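We name chains A, B, ... by the order of the sequence lines, and we start the count at 1 in each one. On a predicted model such as this, the values are computed, not experimentally measured, just so you know.
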Number of protein chains: 2
Amino acid sequence: MNKNDIKILLVDDEPDILEIVGYNLKNEGYEVFTAENGLEAIKAAKKHLPHLILLDIMMPEMDGIEACEKIRKIKTLENVIIAFLTARGEDYSQVAGFEAGADDYITKPIKPKVLVSKIKSLLRRLKSESAAEEDNLKIGDIMIDRDEYVIYKSNKKIELPRKEFELFSLLTSKPGKVFKREAILDTVWGNEVVVGGRTIDVHIRKLREKIGDDYFKTVKGVGYKFVLKGQDK
Amino acid sequence: MNKNDIKILLVDDEPDILEIVGYNLKNEGYEVFTAENGLEAIKAAKKHLPHLILLDIMMPEMDGIEACEKIRKIKTLENVIIAFLTARGEDYSQVAGFEAGADDYITKPIKPKVLVSKIKSLLRRLKSESAAEEDNLKIGDIMIDRDEYVIYKSNKKIELPRKEFELFSLLTSKPGKVFKREAILDTVWGNEVVVGGRTIDVHIRKLREKIGDDYFKTVKGVGYKFVLKGQDK
DNA sequence: TAAGGACTTAACAATTTCTTAATCGAATTT
DNA sequence: AAATTCGATTAAGAAATTGTTAAGTCCTTA
C-alpha cells in the first residue's frame with residue numbers, strides 16, 4: 001500500500017494536539033483527518049474509512065473507550081486499527097481499553113518520532129493480518145484448509161488448483177457478500193494483471209462443477225457470492 | 001462481556017499441552033478449565049458452562065468427535081463455540097464426523113499468539129451473532145443489504161436487478177425527498193448516457209410491482225419519491 | 001521430450017436486463 | 001369540450017452480461 005493512500009483519523013479534544021501531531025503525520029505523507037470528540041470521530045470514521053484511528057481517552061461528549069466500542073461494531077471499519085492516546089500512568093484505562101477493542105496504546109506526552117515509528121509498526125500489522133489468516137475455516141459443511149490448499153466437503157476431500165482455491169477462499173471469506181468482478185480480479189489476479197472477460201466465469205464454472213452449483217450465486221452486472229444451501233431463501 | 005468472565009474449557013490428553021496452552025490463556029485473562037478426555041470434558045462442560053471449548057481430536061476414553069456430538073446435544077450448552085485441535089496435515093476426510101458440529105479448527109503445533117488471536121475472533125463471533133444486522137439500512141419494514149445486493153421486505157428476500165437496485169437505493173436514501181428525473185438519470189444512469197424518456201417510468205413500474213405500489217409516489221412534472229405507507233400525507 | 005495440469009482465450013449459446021415504442025389514461029390548459 | 005401534456009402500462013426486441021465448451025499456451029514433471 002502506498003503511504004499516501006494511508007488515512008489516519010486523529011481524535012483529541014485539545015486543538016494543540018491535533019495541530020502538532022497532525023502536522024507531523026502529514027509531514028510523513030499520511031492523509032490525516034481530525035475530530036474533537038467521540039461523536040465526531042464516529043462520523044468521520046464512517047465517512048473517511050481510515051486505516052488507523054488515534055483516539056484520546058479523555059474527551060467531552062463521548063470518551064475514547066465508548067467511541068472505540070461503537071467503531072468496533074461498524075462493519076465497514078472492521079479492520080481498522082485503533083490506538084489510544086493516554087496520559088502516562090493511567091493504568092486502569094488500559095484494561096478497559098483492551099476490552100473495548102483497542103490494538104495499542106500510545107502515552108502522552110507524544111514524541112513525534114516515537115509516534116511515527118509506532119504507527120509504522122501498527123500499519124505493518126495491517127498488512128500482515130490481511131495476508132495471514134493462514135488458518136482453517138469451517139463454513140457449513142465445507143472446511144477450508146489453507147495450509148494444504150484443500151477443502152473438505154462433508155468429509156470428502158476436494159483439491160483445488162491455486163486460482164480456484166483463491167477465488168473460493170475469497171468468496172467464502174464473507175459468505176453472502178457479493179464480490180464485484182473488479183474486486184475479484186484485484187484480489188485473485190492482482191491489479192496489474194489483465195485477463196480476458198470470461199476468465200472469472202470459467203473459474204466459477206469449475207468451482208460449481210467441483211463443489212456444487214448452488215453455492216455460487218451470480219449477481220448479474222455485479223459479481224458473485226457464496227451462499228450456503230438453504231440460506232438463500 | 002468482560003474478558004475475565006470468559007470461560008474456556010481446554011481438553012487434551014497430553015498434560016503438557018494443557019499446561020502450556022492453559023498458561024497462555026490464563027495469562028490473557030481467561031478463566032480456564034481443563035479435562036483429559038471426552039468424558040471428563042462433558043462433565044466439566046456441564047458444570048462450568050464455558051463459552052468456548054478447545055477439543056483435541058485424538059484422545060482415549062472418548063475422542064473429540066464423539067464428545068463434540070454429545071456436547072452439541074446439551075441444551076444448556078447450545079451456544080458454546082467448539083474448536084478442534086488437530087495435527088497439521090491431517091486428512092480431515094479421515095477424521096470421521098467432520099460434521100460433528102465444530103465451529104473451527106486449530107492446527108497443532110499450537111502457537112500461543114495464533115491461538116489467542118483465533119480465540120478473540122471466535123469470541124467476537126459470539127458477540128456479533130447476537131448484535132448482528134448493524135450496518136444495513138432499515139426503513140420501516142424494508143431492509144437494504146448493500147453487501148448482498150438484496151433487500152428484505154418484512155423479512156422476505158427480494159432480489160433486484162442492478163438498475164432497479166440502484167434506483168431503489170437512491171430513492172430510499174432520503175425517504176420523502178422528491179428526486180427529479182434529471183437527478184435520477186444523473187445518478188443511476190450517469191450523465192453521459194442518454195436514454196429515452198420512458199425508461200425511468202418502466203423501472204419505477206418494476207419496483208412498484210416487486211415492492212408495492214404505495215411506496216413510490218409520482219410527483220408530476222418533477223420526479224418520484226419513496227414514502228413509507230401512511231406517511232405521505 | 002512427452003504427458004498432464006493449470007490457466008487463459010475465443011467463440012457462440014443462453015439468459016437476463018434494459019430500452020424502446022406504441023397505446024392508453026388522467027390531469028391540465030386552452 | 002377539445003387539445004395538450006405528462007405519466008402508466010405493456011410487450012417486444014436490443015443490448016448487456018454470463019454460461020459453456022473446446023482449444024491453445026505455458027509450465028512442471030516423469
> What's the verdict on ring-ring contact (aromatic ring centres under 6.0 Å, His included) for A:Y224 and A:F216, showing C-alpha distance, side-chain angles and the deciding distance?
Replying inline: CA-CA 7 Å; A:Y224 296 92; A:F216 306 91; 8.6 Å; no
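Applying the 4.0 Å criterion to OP1 and OP2 of D:dT18, one finds that A:R181 has a side-chain N or O inside that range. Contact check, B:H203 against C:dT17: no side-chain N or O comes under 4.0 Å of OP1 or OP2. One finds a side-chain N or O of A:R208 lying less than 4.0 angstrom from the OP1 or OP2 phosphate oxygen of D:dG19. Taking 4.0 angstrom as the limit, A:R205 places a side-chain polar atom (N or O) nearer than this to OP1 or OP2 of D:dT21. Contact annotation: A:T218 side-chain N/O to D:dG19 OP1/OP2 distance is under 4.0 Å. A close approach under 4.0 Å does not occur between any side-chain nitrogen or oxygen of B:W189 and OP1 or OP2 of C:dC18. When the side-chain nitrogen and oxygen atoms of B:R162 are compared with OP1 and OP2 of C:dT16, none of them lie within a distance under 4.0 Å.
Between B:E209 atom CD and C:dT17 atom P there is a gap of 13 Å when expressed in whole angstrom units. Taking atom CZ of A:R198 as the reference point, atom P of C:dA11 lies 13 Å away to the nearest angstrom. Between the CG atom of A:L207 and the P atom of D:dT18 there is a distance of 16 Å, given to the nearest Å. A:K225 has its NZ atom 15 Å from the P atom of D:dT18, to the nearest Å. Atom pair A:K217:NZ and D:dG19:C1' shows a separation of 16 Å (rounding to whole Å applied). For A:I200 and C:dA6, the CD1 to C1' distance is 17 Å, given to the nearest whole Å. We find that CD1 of A:I204 is positioned 16 Å from P of D:dT21, with the value rounded to whole Å. D:dT17 atom P lies 15 Å from atom CD1 of A:I184, rounded to whole Å.
By the 4.0 Å N-to-carboxylate-O rule, B:R181 lies close enough to B:D201 to be salt-bridged with it. Salt-bridge annotation for A:E69 and A:K73: absent, with no side-chain N of the basic residue lying under 4.0 Å from a carboxylate O of the acidic one.
If you check every strand for non-hydrogen atoms under 4.0 Å, B:T199 touches a base. If you check every strand for non-hydrogen atoms under 4.0 Å, B:G221 touches sugar and phosphate atoms only. Backbone-only contact: B:Y224 has heavy atoms under 4.0 Å from sugar-phosphate atoms and none from a base.
In the set C:dC7, C:dT20, D:dT20, D:dT20 carries the atom at the smallest distance from any side-chain atom of A:D201. Each of C:dA10, D:dA8, C:dC18 was ranked by its minimum atom distance to the side chain of B:K163; first place goes to C:dC18. For A:V202, the side-chain atoms get nearest to C:dT9 when compared with the rest of C:dT9, C:dT19, D:dA8.
B:E164 pairs with exactly one of B:K210, B:H203, B:K206 by the side-chain hydrogen bond (donor to acceptor under 3.5 Å, both in side chains) rule, that one being B:K210.
Here the side chain of B:K153 pairs no donor or acceptor atom with the backbone of B:I158 at under 3.5 angstrom. Remark: side-chain polar atoms of B:R162 are not paired, donor with acceptor, to backbone N or O of A:V222 under 3.5 angstrom.
Side-chain atoms of A:K220 come within donor-acceptor range of the base of D:dT17, with a qualifying N/O pair under 3.5 Å.
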